Asks: 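Structure in structure tokens, see below.
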Amino acid sequence: MVIVMEEMATDEQVSAVIDKLVKLGFDIHRSTGVQYTVLGAVGGHLVDTRDIELLEGVKEVHRITSPYKLASRSFKAEPTQIKIKDVIIGGREVVMMAGPCTVESREQVMRIAEIVATGGAKVLRGGAFKPRTSPYSFQGMGEEGLKYLRQAADRFDLLVVSEVMEPSQIPLFIRYVDILQIGARNMQNFNLLREVGRINKPVLLKRGAAATIEETLLAAEYIMSGGNHEVILCERGIRTFDTYLRNTFDISAIPVFKKLSHLPVAADPSHATGRRDKVPPLAQAAVAAGADALLIEVHHDPENAVCDGAQSLLPEQFEELMRRLRLIARAVDREIAPGVGVVAE
Ligand code: PEP
Ligand code: MN
């Protein structure tokens with residue numbers, strides 16, 4: 001921490017700040033310039049910088065270390081790779097996760113699983129417990145939905161990612177899914193974060209619609225501090241002053257997360273935009289920006305989808321997107337798995 005004293009700060013004020021910092025366990029390096037006295041405080045306990053800012057004679061306080069540790073690049077320089085069966089998230093391959101917004105029936109999941117597997121996806125997405133804005137909207141099929149996801153994934157050699165909404169559901173999720181998703185609305189549900197921190201299954205952590213990058217990394221830190229270091233960060237759009245699309249896709253979050261953290265980064269252009277015509281360009285941008293995985297909603301009959309039909313790609317759109325994404329991946333030294341029946345170029 002660096003503390004800049006006011007130009008007119010008295011010796012007593014400087015000494016009072018030093019005493020306070022020493023009490024907090026810091027070593028102090030004092031430098032007295034012509035205009036300002038600057039104190040460098042090293043070590044010590046985690047403090048609320050405002051407590052120091054409020055001391056008499058203090059002009060500014062700057063934190064130089066990040067408040068998250070385990071999630072930071074300084075803790076671990078090399079990128080984290082998460083291996084689930086034969087899929088590696090955070091490696092050279094950009095892993096495609098695709099499927100419906102919500103599980104509607106066994107037939108629906110089977111059909112969509114086949115479409116996305118054929119297109120080259122490695123992970124089947126689908127909600128069985130849905131966080132809906134209205135209590136009157138469809139809330140999900142529950143355990144039955146998880147069962148269908150598992151059966152479809154096993155049939156088409158896919159992994160399963162699905163959203164867990166509360167700690168009591170975790171044992172059920174451990175039984176059926178490969179990756180537990182924490183939704184945007186639950187990104188700061190600290191109780192839930194702590195609980196998924198105790199398990200040994202990967203967690204896909206979505207950035208909250210109003211969460212800063214630092215808050216998102218601190219949410220990851222909650223999970224990691226419990227012992228579970230297999231966290232995938234996911235940019236899914238944030239709320240800004242613009243209302244044209246469902247959210248504003250913060251593409252810059254991808255390289256920023258990757259600079260600040262060693263964790264793999266996913267992007268969800270479906271929830272970020274809310275419209276299927278805007279999903280492909282942003283999916284392409286996300287791969288170009290360095291995303292390690294994409295989460296895309298796909299539906300064989302989006303007009304009759306129970307949830308988020310407007311942002312779900314039609315099967316042929318998904319196939320076409322995968323073709324384009326492979327070209328982009330190659331241009332940025334990455335790769336995307338060939339679809340079934342597609343000859344690798
Ligand atoms: C979802 O992926 O199904 C979902 C609800 O997304 P988000 O939490 O990003 O809104
Ligand atoms: Mn959805």
Side-chain angles (χ1 to χ4, degrees), residues 95-104 108-109 112 116 121 123-135 137-142 145-146 148-149 159-166 169 173 177-189 192-193 196 202-211 215-216 219-220 223 231-240 245-251 253-254 257 265-276 278-279 282-283 286 291 293-314 318:
V95 175
M96 299 300 296
M97 307 180 177
C101 177
T102 186
V103 178
E104 298 166 18
Q108 174 240 19
V109 187
I112 298 174
V116 302
V123 184
L124 177 64
R125 67 142 288 145
F129 296 87
K130 295 301 297 178
R132 303 306 298 278
T133 302
S134 162
S137 301
F138 177 65
Q139 304 286 309
M141 290 189 80
L146 291 178
Y148 297 155
L149 282 168
L159 301 174
V160 173
V161 60
S162 194
E163 176 170 353
V164 61
M165 298 229 312
E166 49 179 284
Q169 295 168 347
F173 275 72
V177 315
D178 302 290
I179 305 171
L180 281 76
Q181 177 174 323
I182 301 287
R185 293 157 190 80
N186 269 320
M187 191 207 82
Q188 285 190 316
N189 180 339
L192 181 60
L193 297 176
V196 295
V203 175
L204 179 95
L205 174 67
K206 290 210 166 181
R207 178 183 182 183
E215 284 163 349
T216 310
I223 300 170
V231 178
I232 305 154
L233 304 167
C234 182
E235 167 59 37
R236 48 76 75 201
I238 52 173
R239 195 165 280 194
T240 66
L245 294 175
R246 186 174 183 182
N247 288 293
T248 299
F249 190 33
D250 182 7
I251 192 100
I254 299 169
F257 277 139
V265 178
D268 174 348
S270 305
H271 290 89
T273 58
R275 284 175 56 147
R276 84 172 65 90
K278 300 293 180 283
V279 171
L282 290 181
L294 291 188
L295 194 63
I296 308 238
E297 288 187 344
V298 176
H299 202 289
H300 64 288
D301 181 16
E303 274 181 29
N304 292 303
V306 167
C307 175
D308 283 349
Q311 67 192 35
S312 300
L313 295 185
L314 289 154
F318 180 67

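Not measured: the values here are computed from a predicted model. Order of appearance sets the numbers: ligands from 1, and atoms from 1 within every ligand. As a basis for the values below, the full set of heavy atoms in this structure was taken, side chains included, without hydrogen atoms, waters or symmetry mates.
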Asks: Should you measure from each heavy atom of G183, which atoms of ligand 1 turn up under 4.0 Å away?
Replies: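 Reading through ligand 1 atom by atom, the close ones are 8 (O).
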Asks: For ligand 1, which is the ligand I care about here, please tell me if A184 has any N or O atom under 3.5 Å from one of the ligand's N or O atoms.
Replies: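 Between A184 and ligand 1, an N or O pair is found under 3.5 Å apart.
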Asks: To which protein heavy atom is atom 4 (C) of ligand 1 closest, and what is the distance rounded to 0.1 Å?
Replies: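 I find the closest protein heavy atom is H271 NE2, 3.5 Å.
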Asks: Among R246, R276, R275, whose side chain to side chain donor-acceptor pair (under 3.5 Å) with Q311 holds?
Replies: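 Among R246, R276, R275, the one meeting side chain to side chain donor-acceptor pair (under 3.5 Å) with Q311 is R246.
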Asks: Suppose we only allow N, O or S atoms; which atom of E297 ends up nearest to the Mn ion (ligand 2)?
Replies: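 This turns out to be OE2.
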Asks: Going by atom types only, do D308 and H271 share a side-chain donor-acceptor pair under 3.5 Å?
Replies: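 Yes, side-chain donor-acceptor contact under 3.5 Å.
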Asks: Is the distance from the Mn ion (ligand 2) to some N, O or S atom of H271 under 2.8 Å?
Replies: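 Yes.
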Asks: Closest to the Mn ion (ligand 2), which N/O/S atom of D308 is it?
Replies: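 Atom name returned: OD2.
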Asks: Is there a donor-acceptor pair closer than 3.5 Å between any side-chain N or O of E303 and the backbone N or O of A305?
Replies: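 Here the side-chain-to-backbone pair does not exist.
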Asks: Tell me, yes or no, whether the heavy-atom count around R132 atom CZ, taken from other residues, nucleotides or ligands under 6.0 Å, exceeds 12.
Replies: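 Yes - once you tally the heavy atoms of other residues, nucleotides and ligands closer than 6.0 Å, there are more than 12.
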Asks: Checking side-chain contact (heavy atoms from CB on, under 4.5 Å) for the pair Q108/H300: CA distance, chi angles, key distance, verdict?
Replies: CA-CA 8 Å; Q108 174 240 19; H300 64 288; 3.8 Å; yes
Asks: Using distance alone, decide if ligand 1 has a nitrogen or oxygen within less than 3.5 Å of any nitrogen or oxygen in K206.
Replies: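 N/O-N/O distance below 3.5 Å exists for this pair.
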Asks: Run the numbers on M187 and R236 for side-chain contact (heavy atoms from CB on, under 4.5 Å), then give the verdict.
Replies: CA-CA 12 Å; M187 191 207 82; R236 48 76 75 201; over 6 Å; no
Asks: Students should be able to answer this: which protein heavy-atom is nearest to atom 9 (O) of ligand 1, and at what distance?
Replies: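 Minimum-distance protein heavy atom for atom 9 (O) of ligand 1 reads R236 NE, 2.7 Å.
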Asks: Has ligand 1 got any nitrogen or oxygen that is less than 3.5 angstrom from a nitrogen or oxygen of E163?
Replies: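 No.
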Asks: Looking only at atom types and distance, does a side-chain atom of T102 sit under 3.5 Å from a main-chain N or O of G127, one as donor and one as acceptor?
Replies: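 Checking the backbone N and O of G127 against the side chain of T102, a donor-acceptor pair under 3.5 Å is found.
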